[in-house]
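The block underneath contains the structure these notes are about, expressed in structure tokens.
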There are 2 protein chains.
Amino acid sequence: MKHVTIKDIAKELSVAVSTVSRAFNDKYDIKPETRDRILKKAAEMGYRPNPIARKLVQQRSFNIGIIIPEFENSFFPQVIMGAQEILYQHNYQVLIMQSNESVDLEVRNAKTLVDNMVDGLIISLSGVGNNISYYKELIGKKMPLVFFNRVPENIEASKVVFDDYKWAFFATEHLIHQGFEDILFISGADELILSKNRQRGYDDAHKKHRIPTGKKITCGFSMQDGVQIAENLISKNNIPRAILAANDACAIGMIRVFKDSGFKIPEDIAIVGFSETKMAAHISPTLTSVEQPTYEIGKAAAQLLLEQLQNKGIHIPQTIVLNGRLNVRESSVVLS
Amino acid sequence: MKHVTIKDIAKELSVAVSTVSRAFNDKYDIKPETRDRILKKAAEMGYRPNPIARKLVQQRSFNIGIIIPEFENSFFPQVIMGAQEILYQHNYQVLIMQSNESVDLEVRNAKTLVDNMVDGLIISLSGVGNNISYYKELIGKKMPLVFFNRVPENIEASKVVFDDYKWAFFATEHLIHQGFEDILFISGADELILSKNRQRGYDDAHKKHRIPTGKKITCGFSMQDGVQIAENLISKNNIPRAILAANDACAIGMIRVFKDSGFKIPEDIAIVGFSETKMAAHISPTLTSVEQPTYEIGKAAAQLLLEQLQNKGIHIPQTIVLNGRLNVRESSVVLS
DNA sequence: ATTATTTTCGGAAACGTTTCTGAAAACGTT
DNA sequence: AACGTTTTCAGAAACGTTTCCGAAAATAAT
């Protein structure tokens, strides 16, 4: 893997390396003719600038790191594609790492990325733990950073989140409108703002309609989590009339278990998911779900990051709250 | 973002930088006491080695690049997780890039990764084009490289693939056993070996049972592709009795269109998917699908790469063929 | 023609490591 | 005590760039 370097070009043309360097970054004084001569020769020799060397001296990389908790749901991949679209336009490359829902792996990922001199970081938390203090440290060092979706609470940083309060409220209200009163709330990890906001939405919808709230169960975001909870409910013969699930995967897991045990959805149990995976419209019954604007979340995060990148750390942390939509389908509607 | 460097430690302890460096890579002569002294001081000062500088001099990075065509299906994320598991064990970091099904973006990705001095590359093709010659060049330069799933044909390289021939054969035979004779074959892009192998399997199953083969349509791997083809078939009133789809996404897209147009699955049209996405067991009707061992594909690819890494380019290209399973579900079975 | 100004470029330092070369220090051998 | 070995370290070069500084060449001004 021998590469052509700037020196080879310099020697070939008997100019200084600094001149060759200037030819590539026009910002410096260089005679157009010699620049063209160098550029031509470079192309001829198949020269590609070595980003590693450049990083070392410039202390920047034009790389952005994105850290996500998991790959299983299509949610995060879609957010990434949104972010990529914006960042590519500004000549940033995107490095993706996934933390497998582990806080430790997450900070290890973050550290590798930082060591590799990414110019900025876009992060969705796997959980809350010793990662927070590390992120605070990074922010203290003016590292451009934006959180999305699963964001930390007590940290001064730019964030882009979904309006979980509002849509948990609407989703709950939708179930109430259908006449259900015993609505189980499946929450994501308690420490996430996201969970708290949904909880408030759920509570307030009950308050508005003067109905006592149902139970709450804390759960992860995978199908497996849904399966476990459903099995648990069945074994305890503790079947709610309706369920507001943590996300679609969780909802789908539950539905399968319930169906296998002879329950009818929505006749016996109604259910609403969250995040609108592509599955929602295709499973049986089709799943009512709160749709999140995944691409837009990615784009917004990228844009916030770009701002920070341009202002070199001096910026006011903002939180962008994005709106969604409730896609009503079979799983929550009983015709009476 | 000011970092503690090896020099700072050297100054602090008034030793040479080379000594500090030796302390971190034991392979060199250094007195245990001074090594410990340095290590302790380094930890105290919060030193983290700069991988960029190391890459520059060592000309290697302990990074592996993985390039995939798309993120939409859970297939590739799962393969990645399998590969990660193995590579992490050997202290390699994994950098993921996605090519959006574009051959051009794919080689751009590959070049960035190479420029960033990844030690090896694991690639699934977005298509066949000018990328192939670039990969041949890389292999000529002894860059460790392994292809998986969507692999190129005329290229001497390690590959890990699924036994598409066998399982296309079985899937076709399964449909024939159900009594269907007009079986539409939806192929992936023609240039992929994968497509050719499936075609052979499909053909041979027909031969074995002395049935004339049905039509073939070439298609992409997304749900949208399935939707288009199904709409096309309907508008031309050209409805097959059964379908062997390119993958689950494609099958699901078709199913939705057919159902919306009043066709019954499997009574009017039977269908078999490929790749066993998590959706398969949950859509309505549940989808018969050929299951591929995604994690194992990732693991195998990682292992092949590790071999090359250890043997420094001297290796015999091998092709690992992995086996699968046919999950028979409602979409292909008519009770008569 | 002389000087002042601008344009263009070469030389060298710097980024943070690893690694080569060789020298000093410690030890052993006779 | 003199010499040979081994252990331990310091110094410097190298990796491929960018960028600072200043000098030479070209141009403009007097």
Side-chain angles (χ1 to χ4, degrees), chain A residues 1-39 41-42 45-63 91 93 111-112 114-119, chain B residues 1-39 41-42 45-63 91 93 111-112 114-119:
Chain A
M1 298 295 316
K2 188 59 193 162
H3 275 151
V4 180
T5 80
I6 219 175
K7 284 185 193 165
D8 300 327
I9 302 176
K11 198 176 294 170
E12 197 79 11
L13 259 38
S14 38
V15 297
V17 290
S18 51
T19 310
V20 179
S21 175
R22 272 189 290 259
F24 283 97
N25 324 287
D26 314 298
K27 51 180 173 174
Y28 276 88
D29 329 315
I30 190 170
K31 187 155 57 174
E33 307 158 31
T34 61
R35 189 196 50 209
D36 294 345
R37 202 160 55 100
I38 290 172
L39 258 34
K41 192 65 169 186
M45 296 173 71
Y47 168 73
R48 302 205 91 224
N50 182 331
I52 306 266
R54 180 181 290 160
K55 278 184 224 188
L56 189 59
V57 36
Q58 294 198 142
Q59 305 281 48
R60 66 177 303 191
S61 65
F62 273 97
N63 286 161
N91 288 324
Q93 291 287 346
K111 286 183 178 174
T112 347
V114 170
D115 288 345
N116 280 282
M117 293 188 178
V118 291
D119 297 342
Chain B
M1 298 296 318
K2 187 60 194 165
H3 276 149
V4 181
T5 81
I6 220 176
K7 283 186 194 168
D8 300 326
I9 303 176
K11 200 175 296 171
E12 198 79 9
L13 258 39
S14 37
V15 297
V17 291
S18 54
T19 309
V20 180
S21 175
R22 273 189 293 260
F24 283 97
N25 324 286
D26 315 296
K27 51 182 172 176
Y28 277 89
D29 328 316
I30 188 168
K31 189 156 56 174
E33 309 158 31
T34 62
R35 190 195 50 208
D36 295 344
R37 201 161 52 99
I38 290 172
L39 258 33
K41 192 66 169 182
M45 296 173 70
Y47 168 75
R48 303 205 92 223
N50 181 332
I52 306 265
R54 180 182 290 160
K55 277 184 222 186
L56 189 58
V57 37
Q58 294 198 140
Q59 305 281 45
R60 65 176 304 188
S61 65
F62 273 97
N63 286 161
N91 288 325
Q93 291 288 347
K111 287 184 179 175
T112 348
V114 170
D115 289 343
N116 280 283
M117 294 188 178
V118 290
D119 297 342

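These values consider heavy atoms only, across backbone and side chains, with no hydrogens, waters or symmetry-generated copies. Worth saying up front: this structure is predicted, and the values here are computed from it rather than measured. Every chain is numbered from 1 and lettered A, B, ... according to where its sequence line falls, protein lines coming before strand lines.
- dA12(D) and dT19(C) make up a base pair, with Watson-Crick or G-U wobble contacts both under 3.5 Å.
- Other residues, nucleotides and ligands contribute only 12 or fewer heavy atoms inside 6.0 Å of the NZ atom of Lys11(A).
- Atom-to-atom, CG of Asp115(A) to C1' of dG16(C) comes out at 12 Å; the value is rounded to the nearest Å.
- Counting to the nearest Å, the P atom of dT19(D) and the CG atom of Leu56(A) are 12 Å from each other.
- Comparing dG16(C), dC15(D), dA12(D) by their nearest atom to the side chain of Lys7(A) picks out dC15(D).
- Residues Ala16(A) and Phe24(B) each lie close to DNA chain C; by heavy-atom proximity, the contact nearer the 5' end of the strand is made by Ala16(A).
- At a threshold of 4.5 Å between non-hydrogen side-chain atoms, the residues Ile38(B) and Lys41(B) do not count as touching.
- Looking at heavy-atom distances under 4.0 Å, Tyr47(B) makes contact with sugar-phosphate atoms alone, never a base.
- A donor-acceptor contact shorter than 3.5 Å is absent between the side chain of Asn63(A) and the backbone of Val118(A).
- Remark: Lys31(B) is not in phosphate contact with dA26(C), judged by side-chain N or O atoms under 4.0 Å from OP1 or OP2.
- Toward the 5' end of DNA chain D, the nearer of the two residues Val17(B) and Val17(A), judged by each one's closest nucleotide, is Val17(B).
- Going from atom CD1 of Ile6(A) over to atom P of dG11(C) covers 15 Å, rounded to whole Å.
- In this structure, Lys11(A) atom NZ and dG16(D) atom P are separated by 11 Å, rounded to whole Å.
- For the pair Glu33(B) CD and dT8(D) P, the interatomic distance rounds to 9 Å; values are reported in whole Å.
- Here the side chain of Val57(A) is nearest to one of dT18(C), dT17(D), dT8(D), namely dT17(D).
- Residue Thr34(B) places none of its side-chain N or O atoms closer than 4.0 Å to OP1 or OP2 of dT8(D).
- Computed from coordinates, the Asp8(A) CG to dT17(D) C1' distance equals 13 Å when rounded to whole Å.
- Counting heavy atoms from C-beta outward, Gln93(B) and Asn116(A) have side chains that stay 4.5 Å or more apart.
- Counting any heavy atom pair closer than 4.0 Å across all strands shown, Pro51(A) reaches no nucleic acid atom.
- Contact check, Gln59(B) against dA14(D): no side-chain N or O comes under 4.0 Å of OP1 or OP2.
- One can place CZ of Phe62(B) at 12 Å from P of dT18(C), the figure rounded to the nearest angstrom.
- Looking at Met117(A) and Asn50(B), their side chains come closer than 4.5 Å, going by heavy atoms from C-beta outward.
- The side chain of Thr5(B) approaches dT17(C) more closely than any other nucleotide in the set dT17(C), dT18(D), dC15(C).
- Residues Ser18(A) and Ala53(A) each lie close to DNA chain D; by heavy-atom proximity, the contact nearer the 5' end of the strand is made by Ala53(A).
- Using a 4.0 Å heavy-atom distance criterion, Arg35(A) is classed as making no nucleic acid contact.
- Asn50(A) comes within contact range of the sugar-phosphate backbone alone, with a heavy-atom separation under 4.0 Å but no base atom that close.
- If you run salt bridge (charged side-chain N to carboxylate O under 4.0 Å, His left out) between Asp115(A) and each of Arg54(B), Arg48(B), Lys55(B), only Arg48(B) comes through.
- For Thr19(A), the listed nucleotide lying nearest its side chain is dC9(C); candidates were dC9(C), dG16(D), dC9(D).
- In this structure, the CZ atom of Arg22(A) is 11 Å from the P atom of dT8(C), given to the nearest Å.
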